[in-house]
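Just so it is clear, the structure is predicted and the values come from calculations on it, not from any experiment. Hydrogens, waters and symmetry mates play no part in the numbers below; they use all other heavy atoms, side chains included.
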Amino acid sequence: MGGTVVPLCQARRVDESRGQRLLRRVTAGIPSREHPVTHVANLPGRAARYAEWPSWADPAVIAALRDCGVSAPWAHQAEAASHAYEGRHVVISTGTASGKSLAYQLPVLSRLAAGEKANALYLSPTKALGADQLRSVSSLDVSGVRAAAFDGDTPMAERDWVRAHANWVFTNPDMLHRGILSAHGRWATFFRRLRYVVVDECHSYRGVFGSHVALLLRRLRRVAEHYGASPVFVLASATTASPASFASRLTGVSCVAVTEDASPRGARTVALWEPPLLDELTGENGAPVRRPAGAETSRILADLVLEGARSLAFIRSRRGAELAALGARRILSEVDPVLSETVAAYRSGYLPEERRALEAALLSGRLLGVATTNALELGVDIAGLDAVVLAGYPGTLASFWQQAGRAGRSGDSALVVFVARDDPLDTYLVHHPAALLSRPVETAVLDPTNPYVLAPQLACAVAELPLTVPELEAFGGPAALEVLAELAEQKLLRRRSSGWYWTSRDRPHAEVGIRGTGGEQIAVVESDSSRMLGTVDPGSACYAVHPGAVYLHQGSSYVVDELDLETGLALVHAENPDWTTTPREVVDISVLSTQEKQDYGGVSVCLGEVAVTSQVVGYLRRRPSGEVLDHTPLDLPEQSLRTRAVWYTVSAELLGPAADAGRGWRGGARTADASAAASSSAAGSTAADDSPQAASHSSAAASGSAYAAAVSESSDGGDFAASAGSSAAAGGNPAASGSGVSGDGEAGTGGHRVGTEGAGPVGTGQETQASGRGPAHEGGRAPGGAGLVPARVPGALHAAEHAAIGLLPLFATCDRWDIGGVSTAWHEDTGEATVFVHDGHPGGAGFAERGYAAIVPWLAATREAIVSCECPTGCPSCVQSPKCGNGNDPLDKAGAVAVLDTVLGALRLHGA
C-alpha cells in the first residue's frame with residue numbers, strides 16, 4: 001500500500017487531484033519551519049473488473065440491482081456469491097467500498113425471491129451498520145423478501161411479527177445472545193428454515209469480544225442443527241491476513257476465502273501529520289508538548305468544510321469526538337454561522353432517536369463534517385466522502401485502512417490525513433511511514449478457550465440445550481471439559497451419562513456480557529429533569545463518571561454528582577467548566593504462574609498468568625493548557641483482574657555499573673534500614689474492554705523491606721470519556737510519589753538530565769550517554785550491561801515500560817487501552833528488575849502471547865521510538881504518559897535506551 005511520494009512544493013500543479021488540492025488548502029498559511037506534514041503518498045486508483053451475472057441469480061433480483069445502478073457484478077462479488085449459493089462457507093476479504101454486501105445479498109435474495117422456504121440471519125457488530133444494510137435490502141423491494149430488524153431498538157410490539165413472519169432478520173451478536181438463542185423455542189419456525197448466516201465486518205470480532213462471538217456462533221450452529229438446519233456462513237471482512245484461517249476459527253467451520261479485489265478505487269492522497277511543538281507551554285517536568293491531535297483535527301475539519309468537502313474525522317474517544325466537533329463549529333462560526341450547523345459529533349451512547357437523526361443528516365448531505373468515534377468505522381454507508389481525518393492511530397492496520405477507505409468511496413480522488421497524537425506509537429508511525437502504509441494487515445487475535453469466556457458461554461449453551469460429549473470438540477475439547485467440571489462443582493449444571501444439564505430455572509444469558517463489559521450498562525441521568533443522557537460501560541464507570549467527572553453529551557457539558565454502582569445510575573447536572581478531569585488509580589501485580597520462560601544470560605522473558613489489582617483513588621482537575629488546579633480523593637471499590645502477561649527481567653549485574661557487578665541489587669543500597677531500602681518504582685496500567693475506557697496512574701507500596709511505588713499508565717480511548725485521578729501511597733511510605741529513594745539520598749533519576757546523544761541504530765548496543773550533570777553510567781559498564789547506578793534504574797524501567805505499551809499495538813491486534821503494564825526495580829515474585837505488560841481482560845485476549853512471540857522486534861521498535869524523538873529528557877512522544885499517576889517521575893530516557901540495548905543485546909547474543 002505504498003504509493004508515490006510527492007513533495008509539497010509540487011502541489012500547485014494544474015493536474016493535481018482533488019485530494020492534493022484539499023491538502024494544499026488545509027496547509028495554507030503554515031510557516032515552513034512549522035510545517036506539520038512529515039510524509040505524503042499518492043495511492044493510485046484502480047479500474048474495475050466485471051463478471052457476468054451468475055446463471056442461478058433470480059431475474060427479479062438482477063433487475064432490482066440494475067435499477068439501483070449495478071449493471072454487472074465485480075469479479076470478486078460474483079465469485080463469493082457463487083460459493084455461498086452452492087453451499088460453501090465463504091469469507092470475502094476485500095477493501096472498503098468494494099461492494100462486499102452484494103456477495104451475500106445476491107444468493108440470499110435469489111433464494112427468497114424464488115419462493116424457497118428459506119430464512120437468513122444477518123449479524124453486524126454495530127446497530128448503525130445493521131440499520132444501513134436493512135435499508136439497502138428494503139430499497140430493492142424484491143417480492144417475497146420480508147426483511148426486518150431485531151435489536152435493542154425494535155419496539156416490543158414489532159418483535160412478535162419479526163419472529164413469526166420475517167425471513168431475513170437483521171440483528172447483532174448481543175441480541176442473538178440475549179433475545180434469540182436464550183428463547184430459541186419461540187424462534188423454532190425461523191430456525192427450521194435457516195439457510196444463511198451473514199457475519200458482516202467479521203474482522204472487528206477480535207480479542208475478548210471476538211472470543212465471545214466465536215463461541216456464540218457455535219451455539220447458534222448447534223441450536224440450528226437441533227431444528228434440522230445446517231446454515232451456510234457468509235462472512236465479509238476488510239482486508240486482513242489469513243482470512244480463511246480467521247473465519248474458520250471464528251465460526252468453527254472450514255471457509256474458503258475470496259481476496260482478489262476487483263472493485264474500482266479512486267486515487268487517494270495520504271498525508272502523515274505531526275502537530276507542532278508549543279513554544280508557550282511545557283508539560284510535566286518541563287517536557288516539550290505538541291498541539292493536541294484533537295485540536296489539530298478540529299482545525300483541519302473546519303478547513304475542509306469551508307472547502308465544501310464532505311468529511312469524517314475519526315477520534316479515539318467519545319469525549320474527543322464531542323470536543324473536536326465543538327472546536328470545528330467554533331472556528332466556522334467566526335466565518336459563517338450557518339456553516340457551523342453543518343458539523344456534528346456521532347458516537348455510541350446516544351439514544352436511538354438521536355442516532356437515527358444524525359444518520360439521516362449524513363445520508364442527505366445536510367452535515368458536511370462529522371467527528372466520530374469508531375461507531376462510524378463500520379456504520380452507515382456514506383458515499384462520496386472527500387476526506388477522512390484520523391486523530392491518532394486506531395489500534396490496528398485493519399482499522400486504519402477501514403477508516404481511510406471511507407474517503408473516495410464513490411471512486412473519486414480523496415484526501416486522508418493521519419494526525420499523530422503525542423504518544424510513542426503515533427510519533428513512530430509518522431516518522432516511519434512504511435510501518436503504516438506498506439506493512440501487511442495483521443491477523444485478528446481471538447482465544448475461544450479463555451476460561452473466563454468459555455465458562456459463561458458454556459453455561460448459556462447448556463441452558464439452551466443439554467450438551468453432549470461429541471459436541472465438546474467444537475467448544476475447545478479438553479478446555480471445555482475442564483470448565484464443565486468446574487461448573488458442575490459449583491452446582492450450576494449436572495453431569496449425567498447423556499451429557500450436561502442446566503439445573504436452574506433462571507437463564508444465565510442476562511448476566512453474561514459478550515463485549516467484556518461484565519454487566520448492565522450504567523445509565524447517565526440528569527438530576528433536574530430525570531432525562532437519560534446515555535449509558536456507560538460498567539467497567540468504565542469509575543473512570544468516566546466518577547463523582548466530579550466532566551461528562552460530555554452532544555456538545556453539552558455535565559458534571560457528575562453521584563455514582564451508584566449497585567443501582568447502575570450516575571446522576572449529573574449541567575455545567576460548563578473551564579477544566580477537565582483525569583482519573584488516578586492504585587495498581588499492584590503479582591505472578592500466579594509462569595507458562596513459558598526463556599533465559600538469555602541475565603535476561604529472562606516470560607509468559608504467564610498474573611493478578612492485577614487496581615482502584616481509582618482520585619482525580620485531577622486540569623485546564624486546557626495542562627495546568628493542574630487541584631486533586632480530589634475518591635473512595636471507589638477496588639477491582640481485581642486475573643489475566644495473562646509478558647514480562648522480562650534483568651539481573652542486577654547487567655543493570656549496574658561494573659563496580660557493582662556481582663552484588664545483589666539490595667547490596668547497592670542501604671537495605672538494612674527499610675526507610676532507606678533500594679528503591680523500586682513500579683509503573684502500571686489498567687486497560688479497558690473492547691468498549692475502551694480511560695484510566696490513569698498512581699502509586700502503591702510493595703512488600704518486604706524494599707518499597708515500591710506503583711504507577712498506572714493508560715490511554716483515553718475508544719468510546720468512553722476520560723475522567724480524572726490521583727496518586728496514593730500504601731502504608732504511608734515516603735516514596736509514595738513514585739520517585740523512590742536511592743542509596744545516595746536523591747530521588748528519582750538523581751537529578752540527571754537524560755538525553756539520547758550517541759544513540760546508535762536499533763539493537764546495536766551502542767552506548768547512550770546522559771546530558772546534564774553526568775554520564776549515563778558511573779564506574780564503567782559491565783560487558784553488555786546498562787551501567788546504571790541504582791538510583792536511575794526505576795526511572796529507566798518506568799520509561800521503557802511506558803514506551804513498550806505504546807508500541808505493542810504495532811505487533812498485536814490490540815489497542816493501547818487493551819493492555820496495561822507495571823515496572824519495578826525489584827519484584828518479589830521474580831527477585832529481579834521486571835517490566836510487565838498485561839492483557840486488560842480477564843483470562844487474557846491473546847495480546848501478551850503476541851508480545852512474547854515478537855519480543856525482539858517489539859523492543860527494537862520501542863528503542864527506535866525513544867532514540868528518534870528529538871526531546872532531550874523525555875516527552876509524551878516517547879516515554880511520558882499523560883495519565884501517569886506519578887507525574888511521569890521518575891523517567892530516565894537515556895536509561896531506558898540503555899536497558900533496552902542490554903535486553904536486546906542479551907536476546908540476540910543468545911539466539912533469540
Side-chain angles (χ1 to χ4, degrees), residues 54 56 75-94 100 103-104 106-108 111 118-125 173 176 181 191 194-206 209-261 398 440-450 453-454 457-458 461 467-480 813 846:
W56 48 261
H76 64 277
Q77 294 173 321
E79 180 184 356
S82 293
H83 281 303
Y85 188 84
E86 292 162 9
R88 290 182 287 273
H89 307 294
V90 60
V91 55
I92 178 170
S93 178
T94 52
K100 292 185 285 287
Y104 54 78
L106 190 58
V108 172
R111 295 284 187 191
N119 290 334
L121 183 69
Y122 171 94
L123 296 173
S124 70
L176 175 63
L181 293 181
F191 276 117
L194 185 59
R195 189 69 172 267
Y196 290 104
V197 175
V198 177
V199 184
D200 207 355
E201 303 291 2
C202 68
H203 65 278
S204 64
Y205 298 122
R206 55 185 176 81
F209 180 39
S211 301
H212 272 291
V213 171
L215 294 168
L216 179 65
L217 294 179
R218 285 156 176 78
R219 287 166 47 201
L220 170 63
R221 282 172 43 222
R222 71 187 290 263
V223 167
E225 290 169 2
H226 173 73
Y227 290 102
S230 181
V232 175
F233 281 81
V234 186
L235 298 94
S237 169
T239 303
T240 186
S242 307
S245 174
F246 172 71
S248 298
R249 290 200 312 276
L250 184 65
T251 60
V253 295
S254 180
C255 298
V256 296
V258 175
T259 59
E260 193 69 29
D261 194 338
V441 175
E442 320 92 338
T443 301
V445 177
L446 51 86
D447 179 17
T449 61
N450 177 342
V453 175
L454 189 55
Q457 286 291 329
L458 281 174
L467 188 66
T468 63
V469 172
E471 292 176 314
L472 290 184
E473 191 60 36
F475 289 94
T813 51

Item checked: Interatomic distance, Arg222 atom CZ to Thr468 atom OG1 [nearest 0.5 angstrom] -> 7.0 Å

Next item on the list: Evaluate the side-chain contact (heavy atoms from CB on, under 4.5 Å) criterion for residues Trp56 and Ser82: first the C-alpha distance (whole Å), next the side-chain angles of each, then the deciding distance (0.1 Å), finally the verdict.
Entry: CA-CA 9 Å; Trp56 48 261; Ser82 293; 3.5 Å; yes

Next item on the list: For the residue pair Arg221 and Phe233, establish whether any side-chain heavy-atom pair is separated by less than 4.5 Å.
Entry: yes

Next item on the list: For the pair Ser204 (side chain) and Glu201 (backbone), establish whether a donor and an acceptor sit closer than 3.5 Å, ignoring hydrogens and angles.
Entry: yes

Next item on the list: Search all heavy atoms of His203 against all heavy atoms of Ala398 and return the closest pair with its distance.
Entry: CD2-CB, 4.4 Å

Checklist line | More than 12 heavy atoms of other groups within 6.0 Å of Glu86 CD | finding: yes

Next item on the list: Look up atom CG in Leu467 and atom CZ in Arg219, then write down how far apart they are to the nearest 0.5 Å.
Entry: 11.5 Å

Checklist line | Straight-line distance of Phe246 CZ to Arg249 CZ, nearest 0.5 Å | finding: 6.5 Å

Notebook entry, point to check: What's the shortest heavy-atom distance between Gly476 and Thr449, and which atoms?
Noted result: CA-CG2, 4.3 Å

Check: Within the distance-only criterion (no hydrogens, no angle test), does the side chain of His76 pair as donor or acceptor with the backbone N or O of Asp261 below 3.5 angstrom?
Finding: no

Next item on the list: Measure the NE2-SG distance between His83 and Cys255 for me, rounded to the nearest 0.5 Å.
Entry: 11.0 Å

Next item on the list: For the residue pair Val213 and Val199, establish whether any side-chain heavy-atom pair is separated by less than 4.5 Å.
Entry: no

Notebook entry, point to check: So do the side chains of Val234 and Pro107 get within less than 4.5 Å of each other, counting heavy atoms only?
Noted result: no

Check: For Phe475 and Leu454, which heavy atoms make the closest approach, and how far apart are they?
Finding: O-CD1, 3.4 Å

Note to self: Checking Ile92 against Tyr104 for the side-chain contact (heavy atoms from CB on, under 4.5 Å) test, could you report, in this order, the C-alpha distance in whole Å, the side-chain angles of both residues, the deciding distance, and whether it holds?
What the structure shows: CA-CA 10 Å; Ile92 178 170; Tyr104 54 78; over 6 Å; no

Notebook entry, point to check: Are Leu181 and Leu216 side-chain neighbours, meaning at least one heavy-atom pair lies under 4.5 Å?
Noted result: yes

Check: Quick one: are Val256 and His89 in side-chain contact, heavy atoms under 4.5 Å?
Finding: no

Item checked: Donor-acceptor contact below 3.5 Å, side chain Ser211 vs main chain Leu446 -> no

Item checked: Side-chain touch Val258/Thr94, heavy atoms, less than 4.5 angstrom -> no

Note to self: Can you list everything that forms a side chain to side chain contact (heavy atoms under 4.5 Å, CB included) with Thr240? Sequence neighbours excluded, please.
What the structure shows: Ser93, Ser237, Pro243, Val441

Margin query: Taking Val108's backbone N and O only, do any of them form a donor-acceptor pair with Arg195's side chain (distance below 3.5 Å, no angle check)?
Written below: no

Checklist line | Heavy-atom closest pair, residues Gly210 and Leu250 | finding: O-CD1, 3.9 Å

Check: If you take all heavy atoms of Tyr85 and Tyr196, which pair is closest and at what distance?
Finding: CA-OH, 3.5 Å

Next item on the list: Indicate yes or no for a side-chain donor-acceptor contact from Arg218 to the backbone of Ala474 under 3.5 Å, with no hydrogens or angles considered.
Entry: yes

Margin query: For the OH atom of Tyr205 and the CG atom of Leu217, what is their distance to the nearest 0.5 Å?
Written below: 8.0 Å

Next item on the list: Write down the atom of Ala224, the atom of Leu194, and the distance for their closest heavy-atom approach.
Entry: CB-CD2, 4.3 Å

Next item on the list: Using a 4.5 Å cut-off on heavy atoms from C-beta on, say whether the side chain of Leu220 contacts that of Leu121.
Entry: yes

